[in-house]
Amino acid sequence: MYIKKIVALSVFISFLFSCKSEEHRTTKISQIIPTPSTQTINPGYFVLNNDVGITYDDNFKTSGDFLQNFIETGSSITLENNDDITFVLDNSIEHNEGYVLDIKPYEIRIRAKTDRGAFYAVQTLRQLLPPEFENNTFSEETVSIQCMTITDAPQFSYRGMHLDVGRHMFSVDFIKKYIDALAMLKMNTFHWHLTEDQGWRIEIKKYPKLQEVAAFRDETLIGHYSDQPHQFDGKRYGGFYTQAEIKDIIAYAQSRQVTVIPEIELPGHAQAAIAAYPNLGCTGEQVDVATKWGVFEHIYCSKDETFEFLEDVLDEVVALFPSEYIHIGGDEAPKTQWKSCNKCQERIQSEGLKDEHELQNYFITRIEAYLNSKGKQIIGWDEILEGGLAPNATVMSWRGIKGAVEAAKQKHNVVMTPTSHCYFDYYQSTNPDEPTAIGGFLPLEKVYSFNPIPEELNEDEVQYVLGAQGNIWTEYMPTSDQVEYMAFPRMLAMSEVVWSKDENKNYIDFTKRVELFNQRLDMLDINYANHLYEISGELISEGDTTAYALVTTTDNKTIRYTLDNSEPNVSSEVYKTPIPITESQTIKAAVFNSEKRLGSTFSETINYHKAVGKTITINKIPHKSYSGSGPEGLINGISGSDSRYGDKEWLGFWGEDIAITIDLGEDTDVKSIKTRFHNGKGQWIYAPKEIEFGFSAHGIDSKADIPTSEKNIVDVIIKANVNTRYIYIKLSNYGIIPDGNQGAGNKAWTFIDEIIVN
């Protein structure tokens, strides 16, 4: 102890005189993710070496064991049995997951009222140690840790990540690695999606065919679901987790303060189970485990033997999982077979139900009552609101925030996970080299901007928002490397969304910390996506002047660009001010440091047509989840992505008719108007059936049918040959999605791209 103090003092003095010995590694500060509530940097350094000891009692066994193991397995340092690092029980700390981490020159004190709070203090301290501790490559004998005091607690009680293992399955080791990442980021819930149309992944001993039949599919779709015709690989695929493996994973998660919530889908997404036991469906016919993605009409029948099966399954699930919640799905359950099923119609009559939607409510409520009798609560996707909400259900709102608002106003707990901000199976970059994803566009900054509290809730209703989670659906993620690529760094952003105070959140600061944190991910062998050095651009108009602005989120970097379609290099023009645009132009740019280029090439082609920079109005506000660049984005000369309908150029409207007016400022010769609509039916997006248009004082005076198409993009060209100041366009929403299609019974989305006036 005495030797340690002498070393600490000498190191501190050497820092004062800026001549620190090379043998001491000094940790960086302001690198913690998620950012703490308060962080005060103090003079001096705590020296971690072989003279340091650690003490903790059984109140802090999980957190104390973790810290000791992390230090001793990550380095050559062995901790002694003394009180240099001490865990202190402090009941004055208000939050059960809160902590105070106090690092002084001669001691580190972790104060918390629970082991979980102390565990999160340990995760903070972990991030103050060199990244090499993560993979046992730290070879130095001493680390100097900046003295500081951190007081911290989470903003939300539910901080989760989801993983779908039904479409593609991953090893036990990877599941543990995934849980490790959650724990490091102070996330406390792992939502494990275990059953699907394409595979049943949990061993149920009473029903062996779930392992023998439901767990395997004959082949798997190749390419994207939207590619026609569908192609398959012809290879049998599948597997399941044994109950012994599940127990092992749960115990592992508990040692990381992570709760595992299992999801057993019902009444929909049940084709794999029905393939094993056809009597569970409405038709009784033999079906195959699904080999492609989507929504299927084979769902559980509401007859008693189906409920007996589900109760037996849930008995085994409840025995395995100690979590308060069991997730029962409830989403995307087509009612087609229920409508023609005698058993289901008899159930509707005998229970006095109005229709198949109330039958869904009956189904969910009956399962909820059974799970409540076992001491469990249910959580389900927002479709469980159909026909009325089960008495004690928690709603996981994914189709926007409407479901959350509706549930919270009924005093039901909600977890926020809207597709717009929380679906990590969406593309995260506009780079054409990105691996295939389901669609949409969700960059890191948009995840970080998410506010889990809907504006529509009042002060009393806000309490029902438990938190948020990111979702990983794995249709297009056959490997664990791909899961990591889609999860990171977006998981880092989500951790800060649910942990950190709003006043402490700053995206530019966050990207600086991500840049450092990537070194830790490297040591953890996590295959993260690195888009930090990408560039975004925006057309800006003032009066008669139009220019294009470039921006990157990383500091101390230079943007260089070209206008001749060549690749930017270290000699290219340095970007300083927005680039004037007076004609159609292609801009290429990249980020550079003082030595080399970083990241990929940004390329934007601007079509300088007659409406660019003019005035546009729309009678409806775009959906807040898909507001793009606002109405002006429809006449900024930039077309949206062919696949990422959620980028900043597409505007999305859910179930609404829209009317658009473009004011060209003066009478102008117009020969044609071109636009296009997204038609990704797998994502509930449908092109309108017709377009109406008109010019100047005439208003709407013509219309044209939009041809039905199975393509993802539908182009529309209107021949005009008029002299006009005003252009009027009216679009009628497609309407309700028909039975048999994904999203059946829901309103269709309309997505419109650039309106090109020539």
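Along the sequence shown, the residues carry numbers beginning at 1.
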Over 12 foreign heavy atoms within 6.0 Å of [atom1], [X]:
| X | atom1 | value |
| --- | --- | --- |
| K681 | NZ | yes |
| E455 | CD | no |
| I222 | CD1 | yes |
| K620 | NZ | yes |
| N458 | CG | yes |

Please tell me whether [X] and [Y] form a close aromatic pair, meaning their ring centres lie under 6.0 Å apart.
| X | Y | value |
| --- | --- | --- |
| H230 | Y225 | yes |
| Y645 | W749 | no |
| H623 | W650 | no |

Is any side-chain heavy atom of [X] less than 4.5 Å from a side-chain heavy atom of [Y]?
| X | Y | answer |
| --- | --- | --- |
| F296 | Q198 | yes |
| I638 | K648 | no |
| H531 | L444 | no |
| R399 | E383 | yes |
| I685 | Y626 | no |
| P631 | I616 | yes |
| P688 | F677 | yes |
| M396 | Q469 | yes |

Checking the side chain of [X] only, and the main-chain atoms of [Y] only, is there a donor and an acceptor separated by less than 3.5 Å?
| X | Y | answer |
| --- | --- | --- |
| K335 | A744 | no |
| D647 | F441 | no |
| R560 | P568 | no |
| E692 | S732 | no |
| D753 | G640 | yes |
| E196 | H269 | no |
| T511 | T553 | yes |
| Q360 | G330 | yes |
| T291 | T220 | no |

Checklist entry - Taking it one step at a time, do I587 and L563 satisfy side-chain contact (heavy atoms from CB on, under 4.5 Å)? => result CA-CA 5 Å; I587 299 171; L563 301 176; 3.7 Å; yes
Next on the checklist: Tell me whether the rings of W473 and W381 are parallel (<30°), tilted (30 to 60°) or perpendicular (>60°).
Outcome noted: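 The rings of W473 and W381 sit tilted, inter-plane angle from 30° to 60°.
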I need the minimum non-hydrogen distance between [X] and [Y], along with the two atoms involved.
| X | Y | answer |
| --- | --- | --- |
| L651 | S627 | CD2-O, 3.0 Å |
| R490 | F424 | NH2-O, 2.6 Å |
| I737 | K747 | CD1-O, 4.1 Å |
| T552 | L532 | OG1-O, 3.8 Å |
| N506 | Y448 | N-OH, 3.1 Å |
| N679 | Y686 | OD1-CA, 3.6 Å |

Item to check | side-chain contact (heavy atoms from CB on, under 4.5 Å) between H168 and Q482, intermediate numbers included | outcome: CA-CA 11 Å; H168 285 102; Q482 182 63 7; over 6 Å; no
Next on the checklist: For E567 and T562: C-alpha separation, side-chain torsions, deciding distance, then whether side-chain contact (heavy atoms from CB on, under 4.5 Å) applies.
Outcome noted: CA-CA 7 Å; E567 287 293 307; T562 65; over 6 Å; no
Is it the case that [X] and [Y] place a side-chain donor and acceptor less than 3.5 Å from each other?
| X | Y | answer |
| --- | --- | --- |
| S429 | E534 | yes |
| H678 | Q683 | no |
| T417 | N471 | yes |
| N733 | D657 | no |

Item to check | Stacked cation flag K674 on F693, 6.0 angstrom / 45 deg | outcome: no
Checklist entry - Looking at residues at least two apart in the chain, or sitting in another chain, which of them share a ring pair (Phe, Tyr, Trp, His ring centres under 6.0 Å) with F450? => result H421
Within this structure, what is the [atom1]-[atom2] distance for the pair [X] and [Y], rounded to the nearest 0.5 Å?
| X | Y | atom1 | atom2 | answer |
| --- | --- | --- | --- | --- |
| F602 | N431 | CZ | CG | 11.5 Å |
| I618 | L731 | CD1 | CG | 9.0 Å |
| I713 | D642 | CD1 | CG | 5.5 Å |

Checklist entry - Between K505 and E496, is there a side-chain N and carboxylate O pair less than 4.0 Å apart? => result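 The answer is no: the pair does not qualify as a salt bridge.
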Item to check | Lys/Arg N to Asp/Glu carboxylate O, D739 vs K339, below 4.0 Å | outcome: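 Yes, this pair counts.
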Next on the checklist: Test salt bridge (charged side-chain N to carboxylate O under 4.0 Å, His left out) on R725 and D663; report intermediate values, then the result.
Outcome noted: CA-CA 6 Å; R725 174 176 172 174; D663 181 358; 2.8 Å; yes
Next on the checklist: Test side-chain hydrogen bond (donor to acceptor under 3.5 Å, both in side chains) on D564 and S566; report intermediate values, then the result.
Outcome noted: CA-CA 5 Å; D564 60 2; S566 64; 2.5 Å; yes
Show me the donor-acceptor pairs, under 3.5 Å and distance only, between side chains in residues 403-410 and residues at least two apart or in other chains.
residue: K409; atom: NZ; partner: E456; partner atom: O; Å: 3.3
residue: K409; atom: NZ; partner: E461; partner atom: OE1; Å: 3.0
residue: K409; atom: NZ; partner: E461; partner atom: OE2; Å: 3.3

Next on the checklist: Could you work out, with salt bridge (Lys or Arg N to Asp or Glu O under 4.0 Å) as the rule, every residue matching E538, not counting sequence neighbours?
Outcome noted: none
Checklist entry - Taking it one step at a time, do D164 and T474 satisfy side-chain hydrogen bond (donor to acceptor under 3.5 Å, both in side chains)? => result CA-CA 6 Å; D164 160 28; T474 63; 3.2 Å; yes
Next on the checklist: Let's go through Y608 and T546 carefully: what are the C-alpha distance in whole Å and the side-chain angles of both, what is the deciding distance for side-chain contact (heavy atoms from CB on, under 4.5 Å) to 0.1 Å, and is it a yes or a no?
Outcome noted: CA-CA 10 Å; Y608 195 67; T546 301; 4.2 Å; yes
